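The next block holds one structure in the form of structure tokens; read it before the comments.
As a basis for the values below, the full set of heavy atoms in this structure was taken, side chains included, without hydrogen atoms, waters or symmetry mates. A note on names: the letters A, B, ... follow the listed sequences, proteins ahead of strands, and every chain is numbered from 1. All values reported here derive from a predicted model rather than from experimental measurement.
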Amino acid sequence: MKLVIETKAEHGRAQDDPSCAQRLCCLADGELAADEAQIALHQLLGDRQARVWWDEIHWVGDALRSSETAAQHHADFHRRLLDRIEREHAVPQPQGLGKRGWQWLMHHLFVPGVAVGAAAAVLAVMVMPQWRLDAIGPSVDRTLEAQGPVREPAQAGAVVLVKDNSMHPYLQAHRELVPTHGVLPASAPYLRTSAVVQPKREP
Amino acid sequence: MQLGKRYPWFFWGLLLLAGEGAWAQSGSTVGPIQGDHTAEAVRWLERIGLAGERSHYVGTVVMQQGDEVRVSRIAHAFDQGVLKERVQTLDGAAHEFVRVDNEVRCLWPQERMVVVEWRPLERFPKLSEADARALLEHYAFSLGTMQRIAGQSCQLIRLTPKDHLRFGHQLCVTHPDGLVLSAQILNEQGQIIEQMAFAEIQVVETLDAAHLNPSWATDGWRVLRTEHEPIDVRGQGWVFAVPEGFKRVREVSRKIFVAGDVARWKQTMQSVYSDGLATLSVFIEPADLKLDDGDRAVPANAPVGARGATHAWSRRVGQAQVTVVGEVPAATVLQVGHSVQFEPAK
């Protein structure tokens, strides 16, 4: 993943870096580019939360490989993890997945940018404190319209379909100043924001 | 909205287009244009840019973002070097955009209000050869088969991102002119997350001015002008990283209305970036501690918001609220948002 550092960018605390857990998953699976691996190792060495996640990633791996191994970490964890995966995304039941299954799951659910929603569900399982699986909502994709303003801290990778007006001022401002150069029609920014609500008139 | 009932013609059209997207995923495209053929890709992109700018047309276009569909009427002309366009929404709250060169007037009849937006000067022609070559650094160009949209035959073109930080695009353009009849944005799985397509279009030599005039007389309407001044965001001590290929287009200081209320606003810095297809904005504004969370346009530390291909994410950095918005994947707005830092001059 190449980023041009226009000025300066550093990775902060693991707690504040939603890609940290994904990066650690890829590291566990041996599928991390050298530059990303360096970041992951740096976080592992310097951040307690990253080390907690690292342990938890291996618990998940253990649970998928064997319920007996998982039971050594936390009673009932294996069953709840499988329930969670099945309920959220109808991922094939990973009983007896073995090494191949582990790699499949890591590859398809944790590689950055792939199956973001599914990854979010499993990441939520991993990062929720004290394995409060029951506290996680029934679906990662939620609408603000249905549940009102979000007041809880961000979950790593969670994407919310926005159908209320919360983004409108920024969408309008973005539309106004993006270039209408080039390949896409000049009207595209206006079509994209045609559903935004009208501003309220001053009394 | 019940798509099949209200727009049966378009519903089936979308299904066909979606099928086309799946087809493109299966690898049955004619193939990527590489090496010596880059020149051909550049010619296609230049042609598309020129047609989008210089053509005269009027038509009905349908926009789909997720499960939301909107229908609009578009009239477009390029008259003596001046771009003129009118976009009328045909459903939802009545409003229309009337553009003449770089001024865009948004008319809201129910509110009897005109919002005047002033776009910073854009050059003509808009897409240069250098722009096209820069775009091909980050997207692979390939040609598909000929298709038919809105009664017109069109060439399928696919622009596949070379990294995970941007979405793929699939266009169907008239041959040989290059006018875009449909545009789709695809995620990494090749699923269409946003698309627009003409349901009918008339391309003409000259467009009657009646198609471009506002639908309503606006005498006595309230006129609200959005204002923005150029600013050096880095000079203010704010630094951040953007994906390779995104170039800074402009940076301004401007007002952002709180909850769409024109009487309540916050002064905000906005940096706009583009890679030629995707754009993103970084907004930095004071976190108003007097407002409770319900008043904030985007709550801090909320999950990434999504509307079609547009994603947005907001976080608190010290006493500032940082919001990143763009037609890029959620991971990209998160990465850009997390990179924002304040480094006051020493």
Side-chain angles (χ1 to χ4, degrees), chain A residues 1-12 16-19 112-116 144 149-155 157-163 165-171 173-174 176-188 190-192 194-195 197-203, chain B residues 45 48-49 52 63 70 72 74 85 87 89 92-93 95 97 108 111 113 117 126-127 164 180 183 188 196 222 234 239 241-244 249-250 256-257 260-263 270 272 274 276-277 279 281 283 293-294 297-299 301-307 312 323 325 329-331 334 338-339:
Chain A
M1 192 176 300
K2 286 172 73 179
L3 284 179
V4 168
I5 308 299
E6 183 175 303
T7 47
K8 182 183 179 185
E10 291 178 355
H11 287 270
D16 298 328
D17 181 1
S19 59
V114 176
V116 172
L144 292 180
V150 172
R151 295 171 190 274
E152 296 174 357
Q155 291 176 8
V159 176
V160 174
L161 303 178
V162 176
K163 290 190 174 180
N165 305 337
S166 62
M167 278 168 55
H168 287 183
Y170 296 96
L171 294 176
H174 181 61
E176 182 181 356
L177 294 181
V178 296
T180 53
H181 289 166
V183 178
L184 296 177
S187 56
Y190 299 94
L191 295 171
R192 190 170 282 132
S194 63
V197 296
Q198 67 270 41
K200 298 172 191 169
R201 182 173 180 163
E202 283 183 83
Chain B
L45 293 174
I48 292 168
M63 182 82 182
R70 297 276 169 172
S72 301
I74 295 183
E85 195 163 61
V87 178
T89 60
H95 65 289
F97 302 97
W108 297 95
E111 302 291 323
M113 186 160 70
E117 298 177 352
K126 292 182 173 179
L127 188 80
H164 301 309
V180 175
E188 268 192 296
M196 54 155 286
R222 175 177 164 78
R234 284 181 297 173
V239 295
V242 296
E244 188 177 10
V249 177
R250 53 187 64 102
I256 287 279
F257 300 117
D261 187 342
V262 297
Q270 181 183 2
V272 184
S274 172
L277 270 176
T279 62
S281 285
F283 298 90
D293 282 346
V298 175
N301 299 320
V304 175
R307 175 185 285 275
T323 304
V325 176
L334 282 168
H338 273 291
S339 74

_Can you tell me which portion of B:Ile74 sits under 4.5 Å from chain A's heavy atoms? Options are side chain, backbone, both or neither._
side chain
*Which pair of heavy atoms, one from A:Arg192 and one from B:Met63, lies closest together, and at what distance?*
CA-CE, 3.8 Å
*Between B:Thr279 and chain A, which part of the residue has a heavy atom less than 4.5 Å away: side chain, backbone, both or neither?*
both
*Which one of B:Ser281, B:Gly52, B:Ala183 has the most heavy-atom pairs closer than 4.5 Å to chain A?*
B:Ser281
*Would you indicate whether the side-chain heavy atoms of B:Leu45 and A:Val183 approach each other to under 4.5 Å?*
yes
*Any idea which heavy atoms bring B:Phe283 and A:His174 closest together, and the distance?*
CZ-N, 4.0 Å
*Let me know if B:Gln270 has heavy atoms under 4.5 Å from chain A in its side chain, its backbone, both or neither.*
side chain
_Proximity breakdown for B:Val325 and chain A, heavy-atom pairs closer than 4.5 Å_ = both
